Amino acid sequence: MAKVVTAQAKEAKRIHYIQEWMEHRGMRPADLVRELGVNKGTVSKWCKGDLPTEDNVRALAGLFEIEPVELFRHPLDDWMSRMFMNRSTEQLKTMVNILKAAFPEEAPSQPIQRGSSPAKGKSKRSQPSSA
């Protein structure tokens with residue numbers, strides 16, 4: 001069991017989403033090696049969590065056709081930020097109002113429970129206690 005803990009402790013925590021961007025763009029590590037002119041060991045280190053140099057971050061962003069900061073966000077998150085970019089104040093207000101209408105802050109008074117039907121008659125909560 002100690003070996004498993006040691007292996008987990010050695011695993012680097014990734015702060016980037018290079019692997020996910022590769023998958024999102026239909027690329028393999030070999031494509032990065034070829035397109036960026038780096039060796040396969042470098043790409044392997046990135047996939048294990050190592051942070052690329054600043055130059056390689058820019059090169060990766062160019063290859064994936066994204067801004068460098070987007071390497072640190074999941075590719076499926078980028079559509080939201082793009083939707084709000086370069087919008088007028090009026091457009092942003094409209095978008096916020098639409099989202100508020102679709103997702104009201106107030107929770108429903110009684111959550112819907114699947115697979116159960118409402119009890120007939122009075123519920124236990126509405127009956128007076130016999131204290």
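Everything numeric in this text was worked out from a predicted model, so none of it was measured.
The backbone N or O of W21 sits nowhere less than 3.5 Å from a side-chain atom of H74 that would complete a donor-acceptor pair.
The two residues N56 and P52 come nearest to each other via the heavy atoms CB-CB, 3.8 Å. Residues F72 and I15 come closest through the heavy atom pair CD2-O, 3.2 Å. Scanning all heavy atoms of the two residues, the minimum distance from P75 to H24 falls at CB-CG, 3.6 Å.
Applying the side chain to side chain donor-acceptor pair (under 3.5 Å) test to N86 and every residue at least two apart in sequence or in another chain returns nothing.
Here salt bridge (Lys or Arg N to Asp or Glu O under 4.0 Å) pairs that include residues 27-43, with residues two or more places apart or in two chains, are R28-D31, D31-R34.
The structure places SG of C47 at 7.5 Å from CG of L32, a figure rounded to the nearest 0.5 Å.
Inter-residue side-chain proximity for R87 and M83 is flagged as met; some heavy-atom pair is nearer than 4.5 Å.
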- What do the steps show when you test F84 against Q91 for side chain to side chain contact (heavy atoms under 4.5 Å, CB included), and what is the final call? CA-CA 9 Å; F84 288 93; Q91 287 174 321; over 6 Å; no

- Verdict with reasoning, L71 to Y17, per side chain to side chain contact (heavy atoms under 4.5 Å, CB included): CA-CA 5 Å; L71 282 175; Y17 290 88; over 6 Å; no

Ignoring hydrogens and angles, write down the donor-acceptor pairs under 3.5 Å from the side chains of residues 57-67, residues two or more places apart or on other chains.
residue: R58; atom: NH1; partner: E54; partner atom: OE2; Å: 2.9
residue: R58; atom: NH2; partner: D55; partner atom: OD1; Å: 2.4

Side-chain donor/acceptor pairs under 3.5 Å, residues 93-101, sequence neighbours excluded:
residue: T94; atom: OG1; partner: E90; partner atom: O; Å: 3.0
residue: N97; atom: ND2; partner: K93; partner atom: O; Å: 3.3

